Amino acid sequence: MFHSLERSISRAVANHLSTVFSVDAPVTTEQPKQSSFGELALPVAFQLARQLRKAPPLIARELADGLAGKIEGVAALEVASGYLNVRFDRGWFARRILDGIDAEAGPGASGKTIVEHTNINPNKAAHIGHLRNAILGDTFVRMMRAQGVSVEVQNYIDNTGVQVADVVAGFHFVEKKSPAEVAALARQPRFDYYCWDLYSRVAQMEQVKGWRAETLHSIESGEGELAAMGHVVADAIVDCHLNTMLRLGIEYDVLPRESEILHLKFWASCFEQLKARKAIYLETEGKNAGCWVMPGAAFKENAAEEDSKVIVRSNGTVTYVGKDIAYQLWKFGLLGKDFFYRQLRAYPDGHPCYVSQSSAEGAETVSFGGGESVYNVIDSRQSYLQDVVAAGLRALGYPDQARRSVHFSYEMVALSPRTCVELGLELSEEDKAKSYVEMSGRKGLGVKADDLIDQLIERARIEVDSRHADQDAGSRAGVAAAIAVGALRYFLLKFTRTSVIAFDLQEALSFEGETGPYVQYAAVRARNILRKVGDLPDFRAALSEETLREVLATEDLWQLLLDISRLDSVLAAAVSSGEPAALAKYAFQLAQAFSRFYHDYRVLDEPDAGRRNVLIWMTEHFARQLERTLHMLGIAVPEYM
RNA sequence: GCACCUGUAGCUCAGUUGGAUAGAGCAUCUGGCUUCGAACCAGAGGGCCGGGGGUUCGAGUCCCUCCGGGUGCACCA
């Protein structure tokens with residue numbers, strides 16, 4: 001509601017400017033520093049002062065007089081230090097919300113948006129860095145879907161890369177296990193933990209390079225026992241990852257796999273296009289002689305000769321970036337090739353998750369890719385490579401798609417020194433000197449996602465048990481799980497994407513202050529009130545505009561209603577800036593506002609019937625909007641807390 | 001060397017396309033449970049927004065410069 005009134009006011013002012021002053025200027029609105037100034041502040045007079053050769057207060061005054069009483073929903077226009085401040089008609093505003101009249105137009109019916117996130121190498125357990133990626137991506141997806149955008153979620157699986165090869169080498173060369181033994185092991189719980197340890201052991205061994213080469217060769221040819229083992233390992237680990245992510249409410253539509261990109265020769269098509277468009281050329285001299293390279297000028301300003309990027313090595317094999325360009329083309333439906341698919345699993349909510357396969361045999365008739373815009377959730381360290389991929393699209397003659405290829409980047413999750421000590425992690429002298437320590441799969445340095453979730457559940461369980469011993473164990477476990485997920489998701493979402501998270505276990509395990517559980521608690525309290533009210537009155541019949549205006553004359557009640565109504569405005573800003581943290585922040589602030597309301601007003605004890613109805617309506621409206629917000633954040637509201 | 005990110009309260013971080021008196025959580029101190037349960041609320045202290053220059057009616061926000069952190073710049077993925 002806030003959003004639409006905001007826009008209609010800004011339109012009305014713009015029209016007035018155009019007809020009366022004959023100037024066309026964009027009219028921006030902002031939130032006044034103090035709520036006593038009204039609901040909206042327009043700095044428009046400052047912007048026009050020079051053009052109109054008039055002092056800002058005079059312009060604002062003329063606007064206020066000229067527009068007085070002419071904008072629906074506006075009670076007053078005031079001038080203060082050059083600003084044009086707007087006061088809403090509180091009764092009108094509340095009644096419109098109550099009637100559900102809110103012409104919120106979403107971004108409009110456009111094509112499909114593809115979001116790729118998670119993308120964990122299937123050779124070890126997921127750690128908290130992977131969680132930041134997945135939670136960021138999943139939340140962004142939920143936010144866009146809430147706006148009515150059609151979104152497809154992809155999780156790319158590099159099941160033929162060096163990381164998988166290293167683990168396979170570990171099984172074969174170090175542990176001397178047969179494929180059958182590995183297959184048996186892969187069926188055991190926490191196989192991903194086993195591989196975590198094995199991988200860090202193998203990756204640090206002298207002989208790894210030779211083993212890796214031999215294993216990779218086998219995997220790429222698709223023949224031999226090592227290749228078979230590679231599939232067993234990768235498939236089992238992918239299963240572990242999907243389970244871990246499901247604990248956090250994260251689901252995928254499709255898992256495109258590297259193995260199919262190889263078998264279906266996606267690269268060959270891409271290579272032909274790149275050559276035909278002269279986006280790459282065969283280098284004949286210098287250090288890159290014999291390689292197909294993309295000139296540095298394609299993705300970098302003032303590029304020198306040495307900035308060229310090798311796409312095809314002199315031995316004829318394609319680099320990672322080359323494959324990524326092919327994959328990106330496929331995402332936009334520009335490759336001229338497609339995968340086949342089979343269903344990998346059905347989530348408990350019935351939603352299916354598909355995986356790519358290389359032949360039509362047994363394939364299901366579903367279709368993925370061909371998006372209009374693509375968001376790749378990848379950490380900021382890969383921005384150079386993402387630039388090269390976008391440059392590839394441009395060079396192929398797809399400037400629009402290049403523009404709609406968004407590198408949704410974020411900074412890494414590192415570990416605070418205190419947490420490293422708590423976890424008993426061995427640190428090098430170099431690491432000890434730093435303010436945070438980067439995680440490393442190779443070194444086995446990191447906090448595993450499932451361990452953290454388990455710890456959070458354990459902690460939540462203690463709190464729940466101490467407060468609700470009367471509830472049965474199954475119910476308490478469910479509540480504890482919801483709280484744990486709320487704490488974790490909020491913790492990883494409250495930082496903006498550009499901020500490095502120095503993960504601190506004690507902070508992450510906290511349920512007080514700016515945390516997920518705090519927000520959940522506010523929602524639970526609202527639900528508790530509503531439960532005790534029982535059957536809700538028919539608000540539309542019970543609450544006249546007059547009653548609403550009367551009750552909302554109380555400043556803090558009005559401020560709460562305003563905060564509640566700001567959701568769409570905040571969501572729009574959070575989506576367009578690609579910053580889920582903005583929505584998380586809003587959820588917290590809204591919860592704070594309600595907590596104060598909860599403390600200051602006794603809804604059930606309110607003697608005046610009309611006023612009581614307004615308070616109940618506000619509580620109900622708050623609960624709905626906060627639940628909507630939490631749903632976008634992937635945080636559930638427990639039955640009790 | 002070049003490119004990108006970053007420096008805001010003791011700590012961890014917000015701060016809308018430049019706007020009115022710079023905010024929150026944690027920590028510290030002080031108060032508040034009579035079941036809409038305190039995973040809460042109220043209050044206090046705590047800031048030359050890294051330094052300097054510039055643009056502007058107006059700068060935490062934009063530009064330049066210096067200082068301090070981080071990341072990237074492979075025929076690795």
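Chain letters run A, B, ... following the sequence lines, proteins first, then strands; residues in each count from 1. Since the model is a prediction, treat every value here as computed from it, not as a measurement.
Here Phe588(A) lies in heavy-atom contact (under 4.0 Å) with sugar-phosphate atoms only. Among the heavy atoms of the strands lying under 4.0 Å from Arg467(A) is at least one base atom, whether or not backbone atoms are also near. Residue Val603(A) is classed as a base contact, given a heavy-atom separation below 4.0 Å to a base. Tyr598(A) comes within 4.0 angstrom of a nucleotide base, judged by non-hydrogen atoms across all strands. Lys323(A) comes within 4.0 angstrom of nothing in the nucleic acid, heavy atoms only. No contact: Asp605(A) has no heavy atom under 4.0 Å from any strand. Among the atoms of the strands shown, base atoms are found under 4.0 Å from some heavy atom of Val464(A). At the heavy-atom level, Ala460(A) lies nowhere under 4.0 Å from the strands shown. Using a 4.0 Å heavy-atom distance criterion, Ala289(A) is classed as a base contact. Using a 4.0 Å heavy-atom distance criterion, Thr28(A) is classed as a base contact. Ser380(A) comes within 4.0 angstrom of no nucleic acid atom, judged by non-hydrogen atoms across all strands. No engagement by Gln589(A) is indicated, since no non-hydrogen atom pair under 4.0 Å with the nucleic acid exists.
Taking every heavy atom of residues 511-527 of chain A and every atom of RNA chain B, pairs under 4.0 Å involve Phe511(A), Glu512(A), Gly513(A), Glu514(A), Tyr518(A), Tyr521(A), Arg525(A), by number.
Base pairing of G1(B): its partner is C73(B), meeting the Watson-Crick or G-U wobble criterion (both donor-acceptor distances under 3.5 Å). The base-pairing partner of G7(B), taking Watson-Crick or G-U wobble contacts with both distances under 3.5 Å, is C67(B). Applying the Watson-Crick and G-U wobble criteria (two distances, each under 3.5 Å), A44(B) pairs with U28(B). For G23(B), the paired base is C13(B) (Watson-Crick or G-U wobble, both distances below 3.5 Å).
Distance from the side chain of Gln31(A) is smallest to U16(B) among U16(B), A14(B), U71(B). Nearest to the side chain of Arg381(A), among G72(B), C57(B), A77(B), sits G72(B). For Phe495(A), whose side chain is taken as the heavy atoms from C-beta onward, the closest listed nucleotide among C5(B), G15(B), U12(B) is U12(B). Listed nucleotides A20(B), C5(B), A39(B) differ in distance to Glu411(A); the shortest reach to its side chain belongs to C5(B). Of the candidate nucleotides C75(B), A14(B), G37(B), C75(B) has the atom nearest to the side chain of Thr319(A).
Using a 30° and 60° split on the angle between ring planes, Tyr598(A) and Phe594(A) fall in the tilted class, from 30° to 60°.
Counting to the nearest Å, the P atom of U12(B) and the OH atom of Tyr436(A) are 12 Å from each other. One can place CZ of Arg50(A) at 8 Å from C1' of U56(B), the figure rounded to the nearest angstrom. Atoms CD (Gln592(A)) and P (A42(B)) sit 8 Å apart, rounded to a whole Å. Protein atom NE2 of His599(A) is 15 Å distant from nucleotide atom C1' of A39(B), rounded to whole Å. In this structure, OH of Tyr384(A) is placed 18 Å from P of C5(B), rounded to the nearest angstrom. Going from atom CG of Leu262(A) over to atom P of A77(B) covers 12 Å, rounded to whole Å. The nearest whole Å value for the distance from the NZ atom in Lys494(A) to the C1' atom in A24(B) is 10 Å.
Across G10(B) and G51(B), the matching P atoms stand 14 Å from one another, rounded to whole Å. Atom name C1', nucleotides C11(B) and C67(B): the rounded distance is 23 Å, in whole Å. Only the C1' atoms considered, G45(B) is 8 Å distant from C29(B), to the nearest whole Å. Rounded to whole Å, the C1' atom of C62(B) lies 41 Å from the corresponding atom of C41(B). Taking the P atoms as reference points, U61(B) lies 12 Å from G52(B), given to the whole Å.
For the pair Arg132(A) and Tyr410(A), the cation does not sit on the ring face, since its NZ or CZ is not both under 6.0 Å from the ring centre and inside 45° of the axis. Because its NZ or CZ atom is both nearer than 6.0 Å to the ring centre of Phe271(A) and within 45° of the ring axis, Lys275(A) counts as a cation-pi partner of that residue.
A donor-acceptor contact closer than 3.5 angstrom is absent between the side chains of Thr498(A) and Glu411(A). Counting only N and O atoms by type, the side chains of Asp158(A) and Gln163(A) include no donor and acceptor under 3.5 Å apart.
In this structure a side-chain-to-backbone donor-acceptor pair under 3.5 Å is missing from Ser569(A) to Phe2(A). Side-chain atoms of Tyr490(A) come within 3.5 Å of backbone N or O of Ala584(A) as a donor-acceptor pair.
The base of A20(B) lies close enough to the side chain of Asn85(A) for a donor and an acceptor atom to sit less than 3.5 Å apart. Donor-acceptor pairing under 3.5 Å, judged by distance alone, is present between the side chain of Ser314(A) and the base of C75(B). For Arg596(A) against A42(B), a side-chain-to-base donor-acceptor contact under 3.5 Å is absent. Under 3.5 Å, the side chain of Gln34(A) and the base of U21(B) form at least one donor-acceptor pair of N or O atoms.
Applying the salt bridge (Lys or Arg N to Asp or Glu O under 4.0 Å) test to pairs two or more places apart or on separate chains, those with a residue in residues 376-388 of chain A are Asp379(A)-Arg381(A), Arg381(A)-Glu438(A).
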* Checking side chain to side chain contact (heavy atoms under 4.5 Å, CB included) for the pair Ser405(A)/Gln328(A): CA distance, chi angles, key distance, verdict? -> CA-CA 8 Å; Ser405(A) 291; Gln328(A) 192 75 358; 3.0 Å; yes
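Nearest-nucleotide positions on RNA chain B place Asp470(A) closer to the 5' end than the other of Asp470(A) and Tyr320(A).
Stacking between Phe37(A) and A20(B) is shown: the ring centroid lies under 5.5 Å from the centre of the six-membered base ring, and the planes differ by under 30°.
A ring-centre distance under 6.0 Å is not found for Phe503(A) and Tyr436(A).
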